[in-house]
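Just the heavy atoms: all of them, side chains too, but no hydrogens, waters or symmetry mates, feed the values below. Chain letters run A, B, ... following the sequence lines, proteins first and then strands; every chain starts at 1.
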Amino acid sequence: MIKSPRGTRDLLPPDTALWNFVEAAVREVFQAYNFHEIRTPIFESTELFARGVGEDTDIVSKEMFTWEDRGRAESDKGQSLTLRPENTAGVVRAYIEHKLWDRGLSKLFYIGPQFRRERPQKGRYRQFYQIGAEVIGPAAAGSQSPARDAEILELLATLLDRVGIVNWKLELNSVGCPADRAQFNEALRQALAPVVATMCADCQRRAVTNPLRVFDCKVPEDQPIIETFPTISQFLDEACRTHYEEVKNILNAVQIPYVENNRLVRGLDYYTRTAFEFTHGALGAQNAILGGGRYDGLSEALGGPAAPGIGFAIGEDRLVLSLTTSAESVVRKPDVYIAPLGAGMNREAARLARELRRHDLVVDLGDDSFRLKKSFEAADKMAGRYILIVGENEVKADAFAIKHLASGEQVTVPRAELAQWFLRKK
RNA sequence: GUGGGAGUAGCUCAAUCGGUAGAGCAUCGGACUGUGGCUCCGACGGUUGCGGGUUCAAUUCCCGUCUCCCACCCCA
């Protein structure tokens, strides 16, 4: 049997209804904040991610699905392409390619699959879905304002509340600008030097590759050592500090709860200043439901103009896992099941179904070979509200038997009044 | 990528010391010709994840492999 590849999965009904419920709610929220949808390619030049996400990140160095495309002619060199592991780089590439700065501030959102070649786990798949947004534009359009950071965070709180996620937690930090981080990194290296030998193997590795990451360490014995390290907050320059303070001021003003976590770091190279994560307890080890932050230098790193920005990505798979809403509860059930009874009744049933569906009713129907009992069972199984019987008697009388399945109440309604009758009952 | 656990019918699970695979639910049919949910009867359904080894005999023991789950790692 051919199975779906490792780390991929089929989403089937009724689960798809839950996904659609989430996406519909999310789209409404984005609309209220005047965000507009962007759709970028599923694959891009490998170079985009190398430059945008960072060569040294785990994502780029070992988790991408990359292949060499054939050249068009024998003489052509192939091009290296990669399934997108995240969507921010693609959005910023599109921003640059289409010169979106001419439109002022761009507030864009996307919903779509991303791909990382990781070992699968609960809430971690090789094809996973992200709902994300980016606010990007010239500084003159306000793209660098802390008001944008706060707006994004407030939008997220609204969005999570809206889809029914309870008990989310917002963790907030500022990772400063590149100069701050360089200083901080140096200080961290110095603090690590005398003690690193006593720390866990992972920390010893991190100390060399990416010292910031030691803050992610979960080994209990290392914690007292980590407590003594400097934090990024001590190295923020005046502008970064002011920016961060103003983000918090606005959050307080709109009453969005958050906790500061000066150990919060981001895995992608492009982040500057504000960094955040929303977590949820129901997710096990993959407890981050969404993450994001500011990336003031990304556009320039990709060869574009200065275009400060801030964005986030929600792990849609994880969001759905955190939902308490059941899939069943959001599936729309048939308003009426039409039961053609007796040979030749399919035609009449089809006419009625067509007419009722034109009135926005959810209609399903059986087959004139079914015995009536079977039609009832079918209607029950799909949790229809009414069953409408189309038999010889009804056609002759030009009036149809309609039975409410839950109560057993039955009435006869003339053909001309059918649609209105159902609409009144909705 | 590392370590651990698990894979038996569509689903949830049994199968004693290694003795030749079973139940509930679901599905389909009947009891019941135009009135359902309940009940009863019956049927369908399996390369025991896959491949190899040991054995007279393997769902069971061993090796490999694949997939999922848990933790690490990483991230959303």
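Mapped onto RNA chain B by nearest heavy atom, Arg6(A) and Ala313(A) fall at different nucleotides, with Arg6(A) at the one closer to the 5' end.
In this structure, Asp317(A) places its CG atom 21 Å from P of C74(B), rounding to the nearest Å. The nearest whole Å value for the distance from the NE2 atom in His280(A) to the P atom in A76(B) is 19 Å.
Within the structure, every side-chain polar atom (N or O) of Arg124(A) is placed at least 4.0 Å from both OP1 and OP2 of C75(B). Close to G30(B), at under 4.0 Å from its OP1 or OP2, lies a side-chain N or O of Arg371(A).
Side-chain atoms of Lys381(A) lie closest to U27(B) of the nucleotides A76(B), C73(B), U27(B). Closest contact between the side chain of Arg206(A) and the listed nucleotides C73(B), G29(B), A76(B) involves C73(B). Proximity note for Arg116(A) (side chain, C-beta onward) versus G1(B), G29(B), C75(B): the nearest is C75(B). Here C73(B) is the nucleotide among C74(B), A76(B), C73(B) with the atom lying nearest to any side-chain atom of Asp202(A). The Leu405(A) side chain lies nearest to G36(B) when the options are C74(B), G36(B), G30(B). Taking the side chain of Arg205(A) as heavy atoms from C-beta on, and the options C74(B), G1(B), C68(B), the nearest nucleotide is C74(B). You'll find that the side chain of Glu118(A) is closest to A76(B), out of A76(B), G34(B), U67(B). Closest contact between the side chain of Leu290(A) and the listed nucleotides A76(B), U35(B), C70(B) involves A76(B).
Salt bridge absent: Glu171(A) and Arg263(A) never bring a charged side-chain N and a carboxylate O closer than 4.0 Å.
The aromatic rings of Tyr386(A) and Trp421(A) sit perpendicular, their planes meeting at an angle over 60°, well past the 30° parallel limit.
For the pair Lys107(A) and Phe109(A), the cation does not sit on the ring face, since its NZ or CZ is not both under 6.0 Å from the ring centre and inside 45° of the axis.
Other residues, nucleotides and ligands contribute over 12 non-hydrogen atoms within 6.0 Å of the CZ atom of Arg332(A). Around the CZ atom of Arg117(A), the shell of radius 6.0 Å holds no more than 12 heavy atoms that belong to other residues, nucleotides or ligands. In this structure, Glu245(A) places its CD atom where more than 12 heavy-atom neighbours from other residues, nucleotides or ligands lie under 6.0 Å away.
With hydrogens and angles disregarded, no donor-acceptor distance shorter than 3.5 Å links the side chain of Ser45(A) to the backbone of Leu48(A).
Residue Phe128(A) and nucleotide A76(B) are classified as a stacked aromatic pair, their ring centres being separated by less than 5.5 Å at an interplanar angle below 30°.
Between the side chain of Lys3(A) and the base of U67(B), no donor-acceptor pair under 3.5 Å is found. Between the side chain of Arg119(A) and the base of C72(B) there is no donor-acceptor pair of N/O atoms closer than 3.5 Å. The base of G34(B) sits with one of its N or O atoms less than 3.5 Å from a complementary donor or acceptor on the side chain of Glu394(A).
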So what's the dot-bracket for RNA chain B: Watson-Crick or G-U pairs under 3.5 Å, [ ] if a pair crosses, | if it pairs off-strand?
(((((((..((((.....[..)))).(((((.......))))).....(((((..]....))))))))))))....

